[in-house]
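Predicted, not measured: the structure shown is a model, and the values here were computed from it. Atoms within each ligand, like the ligands themselves, are counted from 1 in listed order. Side-chain atoms are counted along with the backbone in the values below, which use heavy atoms only and exclude waters and symmetry mates.
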Amino acid sequence: MKIPFVDLGRQYEHLKKELDDAVATVVNDRAFIGSLKNPHVREFENSFASFIGVKQVIACGNGTDALEILIKSLGIGPGDEVIVPALSWIATSEAVSNMGATPVFADIEPGFFTIDPDRIEEKITSRTKAIIPVHLYGQPANMKKIMEIARKHQLKVIEDCAQAHGAEIDGQRVGTFGDAGAFSFYPGKNLGAYGDAGCMVTNDHNTAQTARMIAQHGQPGEKHRHFIEGRNSRMDGLQAAILNVKLPHLEDWTEARIRHAHTYFDLLKESPVRLPEIRAGHRHVFHLFVIRTDKRNALRSYLSEKGIATAIQYPSALPFLEAYARLGHTKADFPVIAQYQEQILSLPMFPELTEKEISYVTDSIGEFFRL
Ligand SMILES: *Cc1c(COP(=O)(O)O)cnc(C)c1O
């Protein structure tokens, strides 16, 4: 049996007519650019705001832009330090550097893969201005403790929600705990466009206004009135129209991901692999299903021979990438992730995965450990 890591084709087959119609409408109306008046983009902003339970949604070009624009909107720049997790996609720390500030890495919380609040406090200096927790793999970060630290030290909090659309803590959706949240709609994300797209969410009116202005060349609303120098970061009409078709299905897809995770938990409970942990009261939306084993590389090759695609998110933690060699970090600085990066393996996970496919994966894992 051949099992892909992610199969975006199955979702397209399911929604083909509506998606094709949405694309045709945008082309017919020539509503290509996400200008301030684009109806598809405005509709998406409104529906995503209700989905998250937030006052303001500002659509933009991609998730990296969302992080950068929020960093700038919150007044963070040269001379400032921003604490980020040692494990994430590079966009999280890159956004900080691109805005002229300095990323400061903190190790992850054992078992959960998200930033460890106990490691945050020891990184705070007089220059620290913000924390960017990442709800990695779909698991909400420990926001209760992070917000306590932020309030105590008067730090801004930008949530990186790129992998966690619809994740919750005690019924409240991620993106609404800190000052603002950044989402990505990269095709493979839990809610994916057919190209690059992203958005920012916030309950703060001023942050929203500044962010919108930056994303639209410094124009707060009226054409040709530029209050500041901004940049070009628009969500285009085609992407918004596609997201408008998909958003009503997101809850069902998320429930399917959670169901698949529980099937994996069930079928792997006797297995020597370490399963992801979920904090009480947290809704983990399983963008990725990540297991750990000391035999990671051998297991990965075995599964590959069986036709099962897996991935490693990520093979190197951020502080150990060449891009951060200038910081001179060693494994001893981040003991948890230094060990985990050799053990983590992401199993196939997408809403359209079948029970039969999941049991083929777990049976194959069982065979490997009996070899
Ligand atoms: C995907 C991702 C981003 C960046 O989103 P893009 O839309 O690809 O720019 C940022 N942070 C994390 C954790 C991501 O997974």
Trainee: So, are Arg42 and Glu45 salt-bridged, with charged N and O less than 4.0 Å apart?
Mentor: yes
Trainee: Testing Phe112, Phe334, Phe113 one by one against Tyr340 for a ring-ring contact (aromatic ring centres under 6.0 Å, His included), which residue passes?
Mentor: Phe113
Trainee: May I ask whether Asp160 has any heavy atom positioned less than 4.0 angstrom from an atom of ligand 1?
Mentor: yes
Trainee: Which atoms of ligand 1 have any heavy atom of Asn62 under 4.0 Å away?
Mentor: 7 (O), 9 (O)
Trainee: Charged N to carboxylate O below 4.0 Å: is that the case for Glu122 and Arg119?
Mentor: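 Salt bridge: yes.
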Trainee: Where is the nearest protein heavy atom to atom 12 (C) of ligand 1: which residue, which atom, and how far?
Mentor: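 Protein heavy atom with the smallest distance to atom 12 (C) of ligand 1: Ala162 CB, 3.4 Å.
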Trainee: For Asp7 and Glu352, work out which heavy atoms get closest and say how close.
Mentor: O-OE1, 4.3 Å
Trainee: Ligand 1 versus Thr64, non-hydrogen atoms closer than 4.0 Å: side chain, backbone, both, neither?
Mentor: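 Under 4.0 Å from ligand 1, Thr64 contributes backbone and side-chain atoms.
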Trainee: Is Ser88 close enough to touch ligand 1? Criterion: a residue heavy atom under 4.0 Å from a ligand atom.
Mentor: yes
Trainee: Would you mind listing which atoms of ligand 1 come within a distance below 4.0 Å of any non-hydrogen atom of Val134?
Mentor: 13 (C)
Trainee: I'd like to know if Arg283 and Glu251 make a salt bridge, using a cut-off of under 4.0 Å between side-chain N and carboxylate O.
Mentor: yes
Trainee: Considering only heavy atoms of Ala91, which atoms of ligand 1 have at least one such atom less than 4.0 Å away?
Mentor: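 So the atoms of ligand 1 that pass are 3 (C), 4 (C), 10 (C).
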Trainee: Around atom 15 (O) of ligand 1, find the nearest protein heavy atom and jot down its residue, atom name and distance.
Mentor: Gln163 NE2, 2.8 Å
Trainee: If the threshold is 4.0 Å, N to carboxylate O, is there a salt bridge linking Lys331 and Glu342?
Mentor: yes
Trainee: To check your reading of the model: name the closest protein heavy atom to atom 8 (O) of ligand 1, its residue, and the distance in Å.
Mentor: Ser184 OG, 4.0 Å
Trainee: Quick check against the 3.5 Å criterion: does Glu159 have a side-chain atom that pairs as donor or acceptor with the backbone of Phe177?
Mentor: yes
Trainee: Is it true that Lys189 lies under 4.0 Å from ligand 1, counting heavy atoms only?
Mentor: yes
